[in-house]
Amino acid sequence: MKKNIIVLVSGGMDSATLLWLAKKEFDEVYAISFNYGQKHSVELDFAKELVRLAKVKQHFVVDIPHLKGIKGSALTDSSVEVPSESYPDEPPITTVPMRNLNFLSIAASFADVYEIENIGIGIHSVDSPYPDCRAEFASSVEAAINSSSIMVAKKKNRIRVYTPFLGMTKTDVLKLGLELGVPYEKTYSCYKGTLPPCGECATCQQRQEAFESLGLKDPLFR
Ligand SMILES: [Zn+2]
């Protein structure tokens, strides 16, 4: 049987790297992106272009408006500003409540119907400040998906939450992506949603630091 996967693609560096890795490791690749009321919804244009370049079998773009209605996250709440620098709070003000749980359960609905056995998410780093980017989260959501899956109940197989970057740093992910030929000039990570990206918010800083640690310059800030 063909090995297949559905990859969560935001348009950022990590998910782009995961998409290129999936193209190498799997026979059939699907992609899914979410319009969740994020201020930086411009990232979806980048996600669509990356998915087009990666030539996936199908790309699903899903609207989930309820997250914007829940106040409190700097990524979705217009009354909370995206910090211009790294944030000391843990979890950060940019945490969107249960975002990855929402994303993975929706991706799992597609996996169940399209009979896709892997769901890829580009979470990384051992001690992520985001609760829904940790290994414990990934393994428990995988258990929940398997216990509620029609496909699993019928076929007695498993759905895997594929997290190859867990335990890696952003620099590790970048190093791998450069080997895979990821077009990083076509990715977008800025939480402020500006064009060109602001260069100052935590995500803009993190990606520039990753490039600098390899002696390179981020192509978005040349
Ligand atoms: Zn930025």
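In this chain, numbering begins with 1 at the start of the sequence shown. Numbering of ligands and ligand atoms starts at 1, following listing order.
Evaluation of the salt bridge (charged side-chain N to carboxylate O under 4.0 Å, His left out) test over residues 165-186, restricted to residues two or more places apart or in two chains, returns Asp14-Lys170. Here side chain to side chain donor-acceptor pair (under 3.5 Å) pairs that include residues 136-150, with residues two or more places apart or in two chains, are Asp112-Ser149.
Side-chain heavy-atom separations under 4.5 angstrom define the hydrophobic clusters, and the remaining members of the one that includes Val42 are Phe46, Tyr188, Leu195.
At a cut-off of 2.8 Å, measuring from the Zn ion (ligand 1), the protein N, O or S atoms that fall short of it are Cys190 SG, Cys198 SG, Cys201 SG, Cys204 SG, waters left aside.
The neighbour count for Ile150 CD1, taken as heavy atoms of other residues, nucleotides or ligands under 6.0 Å away, does not exceed 12. Taking a 6.0 Å sphere around CD of Glu81, one finds it holds 12 or fewer heavy atoms contributed by other residues, nucleotides or ligands.
In this structure, the side chain of Lys23 does not engage the main chain of Val29 through any donor-acceptor pair within 3.5 Å.
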